[in-house]
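Here's the structure, in structure tokens; my notes come after.
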Amino acid sequence: MKTYITAAEVITALGTGVAANVRAVESGLSGVAERNDPRLSCSPVMAAVIPDETYASIAAQYGGQDMQDGILTRTELLLAAVIGSIVRQTGISLSSPDTFIIFSSTKGNVSLLDPSAPEQDSRACLWRMGERVAARFGAAGRCCVISNACISGVSALVVGRRLVLSGKYRKIIVAGCDTLSRFIVSGFASFRSLSNELCRPYDSRRDGLNLGEAAGAILISDEFREGAVVLSGGAISDDANHISGPSRTGDGLFFAMRNAMREAGVQPDDISFLNMHGTATVYNDEMESKAIALAGLSSVPVQSLKPYFGHTLGASGVIETVMAASQLRRGIVWGTKGFGTPGTPMPLNVSASPRQVTMRHCVKAASGFGGCNAAVVLSLPEYTSGKSGTEDMGDAGFRPAASYRIIRTVTIRDGKLTRDGKTVFSTGTGEFGEFARALYHERGRADLKFFKMDNLCKLGYLAAGELFDGIEFGPEEMALVLSDSSSSMDSDLRHLESLAAGGEAAASPSVFVYTLPNVVAGEICIRHKIKGENTFFISREYEPDKLREYASMVLSRNGVRYCTTGWCEYVKGSYEAVFELLADSSGETGIPNRK
């Protein structure tokens, strides 16, 4: 069985539609320009921004744009437009039970948050964004949202591929979108990671990234269609190194690329080109050069598309995969605009000019805050035999979902910690700060970074510490599948409060880094040296059965022995964590079976 990319759509600062964006890039155009827009920043910023007239055109089709209930926001308009294009191209009905939508976004409707409001607009929740757009297409109840920092789009493709291979769905639309706002621009500026010029990935003169906004959608199907590209492998990993800085060795990204290639059944010599994250920040590009070297791919043509589209956050993995698939079919690797002098510690085959290449397979990779990495392999159908290079997998890297057993459950709420239903720690008050400090000291932790974390990460850190007590595993043997409802709203509000009080200069990187929910997984990975995969879902409520179902797919892949599923929610002092440790029932753990 194979999974195909059979349709795609993108909207970027360069235009609407795949063809328009391909023409623009091949003409050497960039959507990045200096913007003087107070909605983004009080000072000029280099960014790729979708024109207002594009929003107006989409709004005319999808019911207008304002802040009234029932009317789509700017982010929702873009998502509706790219999904609607897929529907028109293919004639599929998203009301069919064998279809599903996966949304990828880092911040969604974050601009709706108001730190002075007693209650927040529910549309600021990512799950609500997904529900509102899905309902427009008759897909209410058959959608999910992934928020995994800047790998969100690639993560969504990995998840979508697995859901199709499992037979649960036959067609899945992966739709990614992020729009720019003062919230986002001020946060990246606080890290001093923005360039005042067009970014230069991999160049010795590179000095930072350019932000962008975009939306993209990809249809993953089990049915071949003329012009389709095979989504032949995918994997996710973590650096277990730092929540905002990439690994200094590149091993985490290497693991993702290696495992994606294993699923696709390809070797380094089979790869025609690499489409990398390539943000043009010093450490990201250094790390990528090391990961590429570890993967034996240093001689393979490599590119970054960030100088054309900017860094579009949760949309980047989707639109860049669409562009990579276009190059694969056209037999050309576009140049990395602005590249001149090599500036990475390990050699890379980068060019500012386009190159004709004999195409077979390409790797698309991404990395993000929390140490997360993801990679997929795209293949021309004639170069896929249907057999994986992994001995225990069947066609196209597929292996049936693993049977599992729940070997431990940990719950934290109302000042109590329970383990397998038994209270093992309690304080006299449900106040989280007092509870967290007391439990930290009670368990004899010696990790002073704990006190720098936001409360959401402290909650996940404490729950995971109890869950893993006495469990031994290798770096790649543990996976994390976590979820919550409010994403990182508590830290989002703190970031907005600082902007309201002191302007953009008051933005703090130590706060902004926690405005991503998957950083919880990053902190857990650092503490427990976990380099396996992690995925963060945003849902209206805790759905343990769905998390376990997906965890069973994770357990069947890449040597994963355990998978932690969990709900980790913290907003304005209200908190709850429910973590389960699942084990592949075919392996020996030494822990009694509770299921």
Side-chain angles (χ1 to χ4, degrees), residues 2 4-5 8 10 14 18-19 21-30 154 157 200-203 218 226-234 253-254 256-258 260-261 263-278 285 288-289 291-309 316-342 344 346-366 375-385 389:
K2 297 178 183 178
Y4 299 96
I5 292 176
V10 295
L14 284 175
V18 176
N21 278 272
V22 168
R23 287 195 299 270
V25 173
E26 292 189 339
S27 298
L29 301 179
S30 171
V154 183
L157 291 171
R200 299 185 180 93
Y202 312 117
D203 191 273
I218 288 172
E226 190 64 32
V229 163
V230 180
L231 182 56
S232 53
L253 178 57
F254 160 61
M257 295 170 68
R258 177 201 65 193
M261 291 168 62
E263 283 201 358
V266 298
Q267 300 297 322
D269 289 346
D270 298 318
I271 303 302
S272 302
F273 74 100
L274 305 171
N275 179 281
M276 303 298 290
H277 199 45
D285 293 9
E288 287 189 3
S289 75
I292 289 169
L294 289 171
L297 297 168
S298 295
S299 64
V300 176
V302 60
Q303 69 174 184
S304 166
L305 298 179
K306 298 297 190 294
Y308 301 100
F309 303 111
S316 63
V318 179
I319 68 166
E320 292 172 11
T321 296
V322 174
M323 294 296 106
S326 295
Q327 293 172 83
L328 194 66
R329 289 192 297 264
R330 296 163 72 86
I332 187 169
V333 176
W334 300 328
T336 299
K337 192 176 180 68
F339 176 79
T341 305
T344 55
M346 301 301 290
L348 291 175
N349 186 358
V350 189
S351 171
S353 302
R355 292 174 279 181
Q356 296 290 329
V357 173
T358 300
M359 294 294 186
R360 289 174 292 181
H361 313 269
C362 76
V363 173
K364 164 62 195 161
V376 291
V377 177
L378 308 178
S379 305
L380 292 175
E382 58 267 34
Y383 293 102
T384 56
S385 66

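Because only heavy atoms are used, hydrogens play no part in the values below, and waters and symmetry mates are left out as well, while side chains stay in.
Partners of Thr358 by side chain to side chain contact (heavy atoms under 4.5 Å, CB included), not counting sequence neighbours: none found. Considering only residues two or more places apart in sequence or on other chains, Asp203 meets the side chain to side chain contact (heavy atoms under 4.5 Å, CB included) condition with Arg200, Arg205, Phe339, Thr341. Residues forming a salt bridge (Lys or Arg N to Asp or Glu O under 4.0 Å) with Glu288 (at least two apart in sequence, or on another chain): none. A search for side chain to side chain contact (heavy atoms under 4.5 Å, CB included) contacts involving Ala366 returns Ile151, Val154, His277, not counting sequence neighbours.
Remark: Tyr202 OH to Asp285 CG distance equals 5.5 Å, nearest 0.5 Å. To the nearest 0.5 angstrom, Phe273 atom CZ is 10.5 Å from Ile332 atom CD1. With rounding to the nearest 0.5 angstrom, the CZ atom of Phe309 is 11.5 Å from the OG atom of Ser316. The CG atom of Leu305 lies 6.5 Å from the CH2 atom of Trp334; values are rounded to the nearest 0.5 Å. Atom OH of Tyr4 sits about 6.0 Å away from atom OG1 of Thr384, to the nearest 0.5 Å. In this structure, the separation between CG on Leu231 and CG on Leu157 is 6.0 Å, given to the nearest 0.5 Å.
When all heavy atoms of Val302 and Thr336 are compared, the closest pair comes out as O-OG1, 4.1 Å. When all heavy atoms of Ala293 and Ser298 are compared, the closest pair comes out as CA-OG, 3.4 Å. Smallest separation of non-hydrogen atoms from Pro268 and Val300: O-CG2, 4.3 Å. Residues Pro201 and Gly278 come closest through the heavy atom pair CG-O, 3.4 Å. Smallest separation of non-hydrogen atoms from Pro301 and Arg355: CB-NH2, 3.6 Å. Pairing each heavy atom of Leu328 with each of Cys362, the nearest pair is CD1-N, 4.1 Å.
Side-chain atoms of Met276 and Leu348, non-hydrogen and from C-beta on, never get closer than 4.5 Å to each other. A 4.5 Å side-chain heavy-atom check between Met323 and Asn21 finds at least one atom pair inside the cut-off. By the 4.5 Å heavy-atom criterion applied to side chains, Met261 and Leu297 are counted as neighbours. Within the 4.5 Å cutoff, the side chain of Val376 has no heavy atoms near those of the Val363 side chain. Taking the side chain as every heavy atom from C-beta outward, Tyr383 and Val230 never approach each other to under 4.5 Å. The shortest side-chain heavy-atom distance between Ser379 and His361 falls under the 4.5 Å cut-off.
Side chain of Ser351 to main chain of Ser353: a donor-acceptor pair is present (N/O by atom type, distance under 3.5 Å, no hydrogens or angles). The backbone N or O of Val333 sits nowhere less than 3.5 Å from a side-chain atom of Gln303 that would complete a donor-acceptor pair. Side-chain N or O atoms of Ser232 include one that pairs as donor or acceptor with a backbone N or O of Val377 at under 3.5 Å.
Note on residues 328-338: pairs passing salt bridge (charged side-chain N to carboxylate O under 4.0 Å, His left out), not counting sequence neighbours, are Glu26-Arg330. Among pairs with a residue in residues 297-309, those fulfilling salt bridge (charged side-chain N to carboxylate O under 4.0 Å, His left out) read Lys306-Glu320, at least two apart in sequence or across chains.
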**OP:** Could you walk me through whether Ile5 and Thr321 pass the side chain to side chain contact (heavy atoms under 4.5 Å, CB included) test, one step at a time?
**Re:** CA-CA 10 Å; Ile5 292 176; Thr321 296; 4.2 Å; yes
